[in-house]
Number of protein chains: 2
Amino acid sequence: MMPQTASAPPPPGAIDGIFRALSDPTRRDVVERLSLKPASVSELAASYKMAMPSLLEHLKVLEGCGLVHSEKKGRVRTYQLAADRLKVAEDWLGAQRRLWERRLDQMDAYLLKLKKEGLK
Amino acid sequence: MMPQTASAPPPPGAIDGIFRALSDPTRRDVVERLSLKPASVSELAASYKMAMPSLLEHLKVLEGCGLVHSEKKGRVRTYQLAADRLKVAEDWLGAQRRLWERRLDQMDAYLLKLKKEGLK
DNA sequence: AGAATACTTAGGTCAATACCTAAGTATTTA
DNA sequence: TAAATACTTAGGTATTGACCTAAGTATTCT
């Protein structure tokens with residue numbers, strides 16, 4: 001059982017859905033819970049005060065963008081996290097932050113140069 | 001000019017807005033552009049085929065959740081990235097992924113133990 | 001001053017979201 | 001097999017989101 005190293009190729013536009021899914025506090029909370037251990041629909045539903053069909057809708061959104069998987073055995077459906085999708089979002093954010101940091105460094109260097117030249 | 005080291009404390013519920021903001025491709029594109037260099041409203045608007053008020057609305061969303069700042073000088077408003085907010089989202093994602101990975105490791109260890117015991 | 005520029009505000013449409021209640025269907029359990 | 005369990009589907013409401021066009025306001029250029 002390989003601890004998934006490579007991310008699945010992010011289908012174009014998939015990142016929209018991932019960020020969208022994570023913008024809702026209930027869905028983020030579900031992701032947090034599932035990052036600890038898998039859970040059934042009713043176990044999850046017990047934690048929130050909304051009606052089950054509402055929670056179910058959230059679960060569908062999470063599964064739709066690939067953040068979680070589910071499997072039904074008998075009458076119980078169990079959900080679990082699919083970590084590689086979290087990584088898609090994290091990678092995007094990291095890339096932007098790195099670009100930004102590089103830019104700050106360049107600006108620092110530029111200001112330093114200006115300062116030196118100013119001293120002549 | 002300090003290259004912001006510490007993130008601003010994420011106001012409760014702010015993370016909703018950050019993920020929400022990043023779920024739109026136009027807004028993500030604006031963030032990418034601004035991570036390279038600041039730009040005015042019309043410079044930004046020139047890149048997208050939507051009407052200016054529509055783009056402006058996107059910019060307000062980005063500024064509303066703190067992902068960008070803007071300043072008006074004369075009749076030109078210039079936008080720039082505020083990197084610490086990207087970090088808020090990135091940190092959350094990283095934390096979830098780390099929890100998940102820890103769980104996978106535990107599961108590996110457990111399976112390994114089962115396997116060994118099976119060999120007795 | 002008058003025209004051009006760079007946003008800004010107002011207001012309107014249409015689709016998607018987040019909920020809900022009520023009524024299924026499929027699987028155990030008694 | 002009847003009742004309980006664990007979802008599922010249907011259908012309805014109210015809000016929010018992403019666009020648009022048209023009509024401002026504030027600055028700068030001529």
Side-chain angles (χ1 to χ4, degrees), chain A residues 11-34 37-81 89, chain B residues 11-34 37-81 89:
Chain A
I15 199 162
D16 290 33
I18 295 172
F19 280 124
R20 184 75 187 63
L22 294 175
S23 72
D24 181 275
T26 299
R27 288 192 294 255
R28 266 198 325 280
D29 198 77
V30 167
V31 167
E32 289 186 14
R33 279 198 56 169
L34 294 182
K37 63 172 181 179
S40 71
V41 173
S42 24
E43 281 167 351
L44 290 169
S47 307
Y48 309 98
K49 63 180 208 294
M50 69 185 69
M52 188 179 295
S54 306
L55 201 252
L56 210 67
E57 182 57 30
H58 286 304
L59 293 176
K60 271 181 193 156
V61 169
L62 287 171
E63 186 155 30
C65 72
L67 279 171
V68 308
H69 297 139
S70 75
E71 193 190 356
K72 192 160 187 176
K73 257 184 174 156
R75 56 187 171 180
V76 177
R77 179 177 294 278
T78 302
Y79 279 89
Q80 63 172 325
L81 196 65
Chain B
I15 200 162
D16 289 34
I18 295 173
F19 280 125
R20 185 78 187 62
L22 294 175
S23 73
D24 181 275
T26 299
R27 289 193 293 256
R28 267 199 322 281
D29 199 77
V30 167
V31 167
E32 289 187 14
R33 279 198 55 170
L34 293 182
K37 63 173 181 178
S40 70
V41 172
S42 24
E43 280 167 351
L44 290 170
S47 306
Y48 309 96
K49 63 183 209 294
M50 69 185 69
M52 188 179 296
S54 306
L55 201 251
L56 211 65
E57 182 57 31
H58 285 304
L59 294 175
K60 271 180 193 156
V61 169
L62 287 171
E63 187 156 30
C65 71
L67 280 171
V68 308
H69 297 141
S70 75
E71 194 191 356
K72 192 161 186 176
K73 258 185 173 155
R75 56 188 170 175
V76 177
R77 179 177 294 277
T78 302
Y79 279 89
Q80 64 172 324
L81 196 66

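The figures that follow rest on heavy atoms only: side chains count, while hydrogens, waters and symmetry mates do not.
- Side-chain atoms of B:Arg27 and B:Val61, non-hydrogen and from C-beta on, do get closer than 4.5 Å to each other.
- Summary of the strand contacts: A:Val61 and A:Arg75 both lie near DNA chain C, and taking for each the nucleotide with the nearest heavy atom, the more 5' one is attributed to A:Val61.
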Exercise for the section: Might you work through the side-chain contact (heavy atoms from CB on, under 4.5 Å) test for A:Asp29 and A:Tyr48, ending with a clear yes or no? Expected result: CA-CA 10 Å; A:Asp29 198 77; A:Tyr48 309 98; 2.6 Å; yes
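- For the pair A:Met50 and A:Arg20, nearest-nucleotide mapping onto DNA chain C gives the more 5' position to A:Arg20.
- In this structure, the side chain of B:Glu63 does not engage the main chain of B:Lys60 through any donor-acceptor pair within 3.5 Å.
- Between B:Arg28 and A:Asp16 there is a salt bridge, since at least one side-chain N of the basic residue sits less than 4.0 Å from a carboxylate O of the acidic one.
- Note: CG (A:Asp24) to C1' (C:dC19) measures 11 Å, nearest angstrom.
- Panel note: side chain B:Ser40, backbone B:Glu43; a donor-acceptor pair is recorded below 3.5 Å.
- Rounded to whole angstrom, the span from the CG atom of A:Asp16 across to the P atom of C:dA16 amounts to 14 Å.
- Heavy-atom contacts of chain B under 4.0 Å fall on DNA chain D between two terminal nucleotides, which in 5' to 3' order are D:dG17 to D:dT28.
- Within 4.0 Å (heavy atoms only), A:Ser40 reaches sugar-phosphate atoms of the nucleic acid but no base atom.
- Distance CG/B:Leu22 to CD1/A:Ile18: 12.0 Å, rounded to 0.5 Å.
- Across all strands shown, B:Lys73 has no heavy atoms under 4.0 Å from either base or sugar-phosphate atoms.
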